[in-house]
Amino acid sequence: MRKTFFIAVIFVLAAIINGCHHHNKQPELTNQDVHKVIAAMSNMMLHDATNPPLAARFFAYTCLAGYEVVSENDKNVKSLHGALNEYPAISKPDGLSGYDYRLSAVFAMIETAAKLQPSGIQFMKYEQTLSDSCRRIGFDDAVIDSSRHYGQVISKKILAYAKADKYNRISNYARYKLKGTPGSWEPTPPAYMAPIEPYFNTIRPLTLDSAAQFVPDPPVPFSTNKNSAFFKCLLLNYAKSGNGLTQEQKNVANFWDCNPFAVQDDGHMMVGLKKISPGAHWMGIAAIACKQANADFSKSIEVNTILAIGLMDGFICCWEDKYRTNRIRPETAIRKYIDPNWKPLLQTPPFPEYISGHSVVSSLSAVILTHYFGSNFHYTDNVEVDFGVPPRKFGSFEQAAKEAAISRFWGGIHFMDAIDNGISQGTKVGDWVLAKTRNASK
């Protein structure tokens, strides 16, 4: 499996600038060269089983490195200095010449991903492959070398900015302790994993004032009283999710599963099923939109960067609420109070229930992508075809976001108030990110 993974990444990176032509002119990179780097990151995240909040952090800083290069060379793309929290004013290196800024942006992204991701060293091994591909399509050695140097300089500055968000301190915090109180979260089958990223809300947001800026309405209070609002929610999940689904509802739930922690129990061992994160899925949708709209290289960098910033801040908001409310999952509650043999359609992810992460990140993604491509953008989502998930057609990003949100109810892993309030929070985060970055998004 490791060999197959590495071959896949080699193929993706070797193809980064495939399709560029040099008939009597300097070759130029396109929007697909941006998305191939992101696709390579997603493949590496599968190998590393990267959790969803951390995946968003990787995407954000990697795209920001490419964005910074572009902003220094394309007058239509403005610096994010002043828009992002603590983001420094970064100047183009002195004495730099003979570079291609698009190639520099790709190198900056690769260098950044290589340092951030656990298996990222593999990216460094493929820089030579990228350089060889550049030569074959017409880039001079001097241009390649200068472009690489430029990308490396910018990457170092972005990595310093990333380090300052204090994510590296999380490993020093005390191990998260289960509350053990009625209605509180407990690990769920089949793997009974420890909670994921309980301190993600402590890192520096990119645009938010704080992790608690958009606190949603509180969840329906826990109660075992059969006449209570909570028990009615519980009965709704029991009746309408899991075994009570139509085939189309099952298809929707499986399409949006995006659970990197899903495992298959083979009796004597657990086998990881290797699924992409919800953030990676929406980054894939951005790739589809950029290609379909024929967005140029600079616009594609901008779209992906603003989206990735939104994803990171969205997870920070969402994780603040998850571990503050520490709410029980439907699977645990139904088995305790209604039916000990009940199973949801989807495997329950290893973190508290409220609010729905899919609802938050899908809604904010829809807000951001609608800003760039319009409210009636028809597209076919084939992001997970390679994983055996058939494509689905959508008439707008909002339609897709709403479907992603309700999929968590049909999958049996969220209550409806977590979904509804997740949509609300995600919309607010998306609007906020656009407002904060609007001066940089011409």
Side-chain angles (χ1 to χ4, degrees), residues 37-68 80 83-87 108-120 123 155-173 195-208 210-211 213 258 260-261 276-284 286 301 304-323 349-351 357-358 360-362 364-365 368 426 429-430 432-433 436-437:
V37 176
I38 294 170
M41 291 181 69
S42 295
N43 286 335
M44 199 166 287
M45 289 173 188
L46 284 174
H47 175 267
D48 295 335
T50 304
N51 67 66
L54 188 56
R57 180 175 179 268
F58 291 162
F59 285 132
Y61 290 121
T62 298
C63 290
L64 188 55
Y67 183 99
E68 179 61 36
L80 289 172
L84 305 185
N85 297 325
E86 302 177 5
Y87 189 66
M109 293 176 73
I110 291 174
E111 290 275 346
T112 304
K115 298 297 193 302
L116 288 174
Q117 296 187 241
S119 294
F123 272 117
S155 176
K156 287 180 181 179
K157 293 183 181 296
I158 298 301
L159 288 167
Y161 177 63
K163 185 176 181 180
D165 74 6
K166 301 179 181 178
Y167 179 81
N168 60 356
R169 297 187 182 183
I170 288 179
S171 60
N172 297 324
Y173 295 161
I196 297 300
E197 299 288 9
Y199 300 111
F200 198 73
N201 65 323
T202 65
I203 72 173
R204 176 197 61 209
L206 290 171
T207 68
L208 301 172
S210 74
Q213 183 172 347
C258 303
F261 310 106
I276 66 173
S277 69
H281 192 127
W282 278 99
M283 294 297 283
I301 281 282
N304 281 273
T305 302
I306 303 305
L307 176 58
I309 287 170
L311 290 171
M312 180 172 164
D313 277 2
F315 275 114
I316 290 173
C317 263
C318 180
W319 253 238
E320 160 75 13
D321 294 307
K322 281 186 177 293
Y323 286 96
F351 35 79
H358 265 58
V360 173
V361 301
S362 296
L364 72 86
S365 296
I368 292 169
V429 173
W432 177 264
V433 169
K436 290 285 286 186
T437 60

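In this text the structure is predicted, and so the values were computed from the model without any measurement. We number each residue from 1, following the sequence as shown.
- Partners of Asn85 under the side chain to side chain contact (heavy atoms under 4.5 Å, CB included) rule, at least two apart in sequence or in another chain, are Arg204, Pro205.
- Under the side-chain hydrogen bond (donor to acceptor under 3.5 Å, both in side chains) criterion, Tyr87 pairs with Glu68, not counting sequence neighbours.
- Taking 4.5 Å as the limit, every side-chain heavy atom of Tyr173 sits out of range of all side-chain heavy atoms of Pro198.
- Annotation for Asn201 and Ala211: closest pair O-CB, 3.6 Å, computed over non-hydrogen atoms.
- Within the 4.5 Å cutoff, the side chain of Leu307 has heavy atoms near those of the Ser365 side chain.
- Counting all heavy atoms, side chain and backbone alike, Gly279 lies closest to Leu311 at O-CD1, 3.8 Å.
- Using a 4.5 Å heavy-atom cutoff, the side chains of Lys163 and Asn168 are in contact.
- For the side chain to side chain contact (heavy atoms under 4.5 Å, CB included) test, residues two or more places apart in sequence or in another chain that qualify with Lys157 are Ile90, Val153.
- Taking all atoms of both residues into account, the shortest heavy-atom contact from Gly426 to Leu364 is O-CB, 3.1 Å.
- Taking the side chain as every heavy atom from C-beta outward, Phe200 and Glu320 never approach each other to under 4.5 Å.
- Across all their heavy atoms, Pro53 and Phe315 have their closest contact at CA-CG, 3.8 Å.
- Between Asn304 and Ala286, the shortest heavy-atom contact is OD1-CB, 4.0 Å.
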Under the criterion side chain to side chain contact (heavy atoms under 4.5 Å, CB included), I'd like the reasoning laid out for Ile203 against Ile170: C-alpha separation, chi angles, the key distance, then a yes or no. CA-CA 9 Å; Ile203 72 173; Ile170 288 179; 3.9 Å; yes
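- For the atom pair CD1 of Ile306 and OG1 of Thr437, the computed distance is 4.0 Å after rounding to the nearest 0.5 Å.
- Taking CE of Met109 as the start and CE of Met41 as the end, the distance is 7.0 Å to the nearest 0.5 Å.
- Across Phe261 and Pro350, no two heavy atoms sit closer than the pair CD1-CD, 3.4 Å.
- When the side chain to side chain contact (heavy atoms under 4.5 Å, CB included) test is applied to Ala60, the partners found at least two apart in sequence or on another chain are Leu206, Ala308, Met312.
- With sequence neighbours excluded, the residues forming a ring pair (Phe, Tyr, Trp, His ring centres under 6.0 Å) with Phe351 are Trp319, listed by chain and number.
- For Thr305, the side chain to side chain contact (heavy atoms under 4.5 Å, CB included) partners at least two apart in sequence or on another chain are Cys63, Leu64, Tyr67, Leu80, Ile301, Ile309.
- Under a 3.5 Å cut-off, the side chain of Asp313 and the backbone N or O of Thr207 do form a donor-acceptor pair.
- Note that CE of Met283 is 4.0 Å distant from CD1 of Ile38, once rounded to the nearest 0.5 Å.
- For Asp165, the side-chain hydrogen bond (donor to acceptor under 3.5 Å, both in side chains) partners two or more places apart in sequence, or in a different chain, are Arg57, Tyr61.
- Legend: residues meeting side-chain hydrogen bond (donor to acceptor under 3.5 Å, both in side chains) with Ser155, ordered by chain and number and at least two apart, are Thr112.
- Residues passing the side-chain hydrogen bond (donor to acceptor under 3.5 Å, both in side chains) test with Tyr167, sequence neighbours excluded: Glu197.
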Could you give me the CA-CA distance, side-chain angles and deciding distance for Arg169 and Tyr199, then say whether side chain to side chain contact (heavy atoms under 4.5 Å, CB included) is met? CA-CA 10 Å; Arg169 297 187 182 183; Tyr199 300 111; over 6 Å; no
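- A distance-only check finds no donor-acceptor pair linking the side chain of Thr50 to the backbone of Leu46 [under 3.5 Å].
- Atom CE of Met44 is separated from atom OG of Ser119 by 6.5 Å, given to the nearest 0.5 angstrom.
- Val360 has its side chain out of reach of Cys317: every pair of non-hydrogen atoms, C-beta onward, lies at least 4.5 Å apart.
- Checking side-chain atoms of Thr62 against main-chain N and O of Phe59 turns up no donor-acceptor pair under 3.5 Å.
- You'll find the side chain of His358 reaches within 4.5 Å of the side chain of Cys258, heavy atoms only.
- Side-chain atoms of Pro118 and Phe58, non-hydrogen and from C-beta on, do get closer than 4.5 Å to each other.
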Phe123 vs Gln117, test: side chain to side chain contact (heavy atoms under 4.5 Å, CB included). Steps then yes/no. CA-CA 9 Å; Phe123 272 117; Gln117 296 187 241; 3.7 Å; yes
